[in-house]
Chemist: 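For reference, the structure I am asking about is given below.
The model shown is predicted, which means the values in this text are computed figures rather than measured ones. Chain A is the first sequence line, chain B the second, and so forth, proteins listed ahead of strands; every chain is numbered from 1.
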Protein chains: 2
Amino acid sequence: MTVQAQRTGNGVQTNAASHRVADYLRTAILSGEIGPGERIRQEDVAERLGASRLPVREALRILEAEGLTEHLPNKGARVPWLSMQDLNVIYKIRERLEPLALTESIPNLSGTELRELDRLQGRIEADTGISEFLTLDREFHLMTYTGCQVDQLSMMVVRLWNSTQHYRRAFMNVSGASRRWVINAEHRLLLDAIERRDVVDAERHLAGHIRRTRIELSRHPEAFEGPIV
Amino acid sequence: MTVQAQRTGNGVQTNAASHRVADYLRTAILSGEIGPGERIRQEDVAERLGASRLPVREALRILEAEGLTEHLPNKGARVPWLSMQDLNVIYKIRERLEPLALTESIPNLSGTELRELDRLQGRIEADTGISEFLTLDREFHLMTYTGCQVDQLSMMVVRLWNSTQHYRRAFMNVSGASRRWVINAEHRLLLDAIERRDVVDAERHLAGHIRRTRIELSRHPEAFEGPIV
DNA sequence: CGAGGGAACATTGGATCCAAATTAGCATAG
DNA sequence: CTATGCTAATTTGGATCCAATGTTCCCTCG
């Protein structure tokens, strides 16, 4: 979790108010509390966090640059709807970027971290609710990138995950629980390659994992119905 | 140039002051006017643009999220130094992302755009100064991605280019003019594949082009000496 | 002469205030 | 009864003001 906390935002530094607000909003969006299409009123946020509107405005600019919100002049910020095509391309990006992150990470993973990964996968296989499954799955994948030293790369990966979070949830709701069997099997293959420190094999498994998820997702257009355009 | 202007920042919308300021600062950084390590005083910028400090602060948050500046609490913003390792990984990212952008772009490139690309490459081959060469080279590559419909992807590509801009300049200064021959040859191969709409071949040429540039760049550590740490 | 401390200055962080733009509601005309 | 135009309220955009933090320069003491 610390990994996420560190990397979700902008990297290393600062506890300035803007970033605290940004973290708050990010969490709210990722948890689904604020869904696509929903508007974000500056004063609401300011009031809830006991701050003035200024840090909120800065935070919104940050989230906008991260792609988590969109900004309409004089109309305010809101969480954008992604089209199926958008989603598809985001997964294609992940398909190329995450294997790289993994390759950069694997050599630096400690034995402790490998055991932790194994333990996490064990928890994923336990019979939990959808919500927890998604959380753990996310945690698992991001943890495989823990060894990646370059902030810029980790940041991009996390942001890609962030922008798809809402649709993962929607997708899991319509797709059957059988998906989880497939995912678990693929995770085990991936984990095995990581533990052998076989970067080529790990990359291949990961790319396949993401690709198959993307294809599966594109079969459920009802999962991300946008607004009535 | 319109392509850049549209995509350099955050995508489509808005001419709000924050974004105008962000554009100004971005240009200043990319042109080398503000170099790595240099500090950015809010009031200086505000005064120069005839605005108040508030839009400047928002702009700095945007640039921070883009990775163009770093922010130290109570100390202000500055352009960060990149280590050779950072640069290296950024090029590795480009090596994976840009071929994807190209693949997404090629089917949508019009005949006019293809001719424009050819014309651009012609200008690159003309005997110009280093500065203009870098500008044209950038314009050439970004133009090959014009057909890519997904903002998120184009944005990532442009941001990667942005963060390396200063070091490309420094590198070209130390590397001989002979580099340009190699680059031109590679561009021609790439262009040929694009005109044949052969995405596989185009991807291969592009990935190789970037990879070779990265390796060449890593041979010149003196090109990006950071601050005395 | 050098090191440490303190005061004045400079710069960033945050809050409040005012202006501009959009939205919603209401009244009126067709 | 519906549609259109006007007015009022809400909300964002921008500027100024004040507080907190950091920095610099000078003075004093060892």
Chemist: With hydrogens left out and only the distance checked, is there a donor-acceptor pair under 3.5 Å joining B:Arg57's side chain and the base of D:dG14?
Modeler: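 Per atom types, no contact qualifies.
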
Chemist: I'd like to check B:Arg123 versus B:Phe140 (side-chain heavy atoms, cut-off strictly below 4.5 Å). Are they in contact?
Modeler: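 The answer is no; the side chains never approach within 4.5 Å.
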
Chemist: Is A:Tyr145 close to A:Val158 at the side-chain level, that is, under 4.5 Å between some pair of heavy atoms?
Modeler: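 When only atoms from C-beta onward are counted, A:Tyr145 and A:Val158 do not touch, as no gap falls below 4.5 Å.
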
Chemist: Tell me, do B:Pro99 and B:Leu102 make a side-chain contact under 4.5 Å, heavy atoms counted?
Modeler: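 Contact flag for B:Pro99/B:Leu102 side chains = no.
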
Chemist: Under a 4.0 Å threshold between the charged nitrogen and the carboxylate oxygen, would A:Arg78 count as salt-bridged to A:Glu70?
Modeler: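 Looking at A:Arg78 together with A:Glu70, the answer is yes, because their closest N to O distance falls below 4.0 Å.
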
Chemist: Report each atom pair, protein N/O against N/O of nucleotides 8-12 of chain C, whose distance is under 3.5 angstrom.
Modeler:
residue: C:dT11; atom: OP1; partner: B:Arg41; partner atom: NH1; Å: 3.1
residue: C:dT11; atom: OP2; partner: B:Arg41; partner atom: NH1; Å: 2.8
residue: C:dT11; atom: O5'; partner: B:Arg41; partner atom: NH1; Å: 2.9
residue: C:dT11; atom: O3'; partner: B:Arg39; partner atom: NH2; Å: 3.3

Chemist: Nearest whole Å is fine: how far is C:dG14 C1' from A:Glu58 CD?
Modeler: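 In whole Å, C:dG14 C1' lies 9 Å from A:Glu58 CD.
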
Chemist: Who pairs with B:Asn88 by side chain to side chain contact (heavy atoms under 4.5 Å, CB included), at least two apart in sequence or on another chain?
Modeler: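 In terms of side chain to side chain contact (heavy atoms under 4.5 Å, CB included), with neighbours along the sequence ignored, B:Asn88 is linked to B:Lys92, B:Arg214, B:Ser218.
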
Chemist: If I take atom CD1 in residue B:Ile62 and atom P in nucleotide D:dG13, what distance separates them, rounded to the nearest angstrom?
Modeler: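 Whole-Å distance recorded here is 11 Å.
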
Chemist: Can you tell whether the side chains of A:Arg26 and A:Asp23 come within less than 4.0 Å, N to carboxylate O?
Modeler: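 Looking at A:Arg26 and A:Asp23, the cut-off is met.
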
Chemist: Figure out the CZ/P separation between B:Arg20 and D:dG13, and round it to whole Å.
Modeler: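 Rounding to the nearest Å, CZ of B:Arg20 and P of D:dG13 are 15 Å apart.
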
Chemist: Quick one: A:Leu49 CG to C:dA15 P, roughly how many Å, whole number?
Modeler: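 Taking CG of A:Leu49 and P of C:dA15, I get 11 Å after rounding.
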
